[in-house]
Amino acid sequence: MEYQEYIIAAYAVFAVVLGWDFVAGRLQIRRELRLARARAARSAARSQTSELSR
């Protein structure tokens, strides 16, 4: 492998890892937000049902 090919491969690997890090972070944020919204909805539903049952 020539030096230029090594440099191109190193930049390509760097770009792939950087892209994956960006995508994985976005996916994790989306998942955590969805879980927080579901938790808030369950909490709101629980408070509404307890008021109606009295």
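Position 1 is the first residue of the sequence; numbering continues from there. Remember, it's a predicted structure, so these values are computed and weren't measured experimentally.
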Connected hydrophobic set around Phe14, excluding itself, where side chains approach under 4.5 Å: Leu18

Val13 with Trp20, same ILVMFWY side-chain cluster at under 4.5 Å: no

Listed partners of Arg34 passing side-chain contact (heavy atoms from CB on, under 4.5 Å), at least two apart: Arg31

For Gln4, all residues meeting side-chain contact (heavy atoms from CB on, under 4.5 Å), sequence neighbours excluded: Ile8

Nearest-0.5 Å distance, CD of residue Gln28 to CG of residue Leu33: 10.5 Å

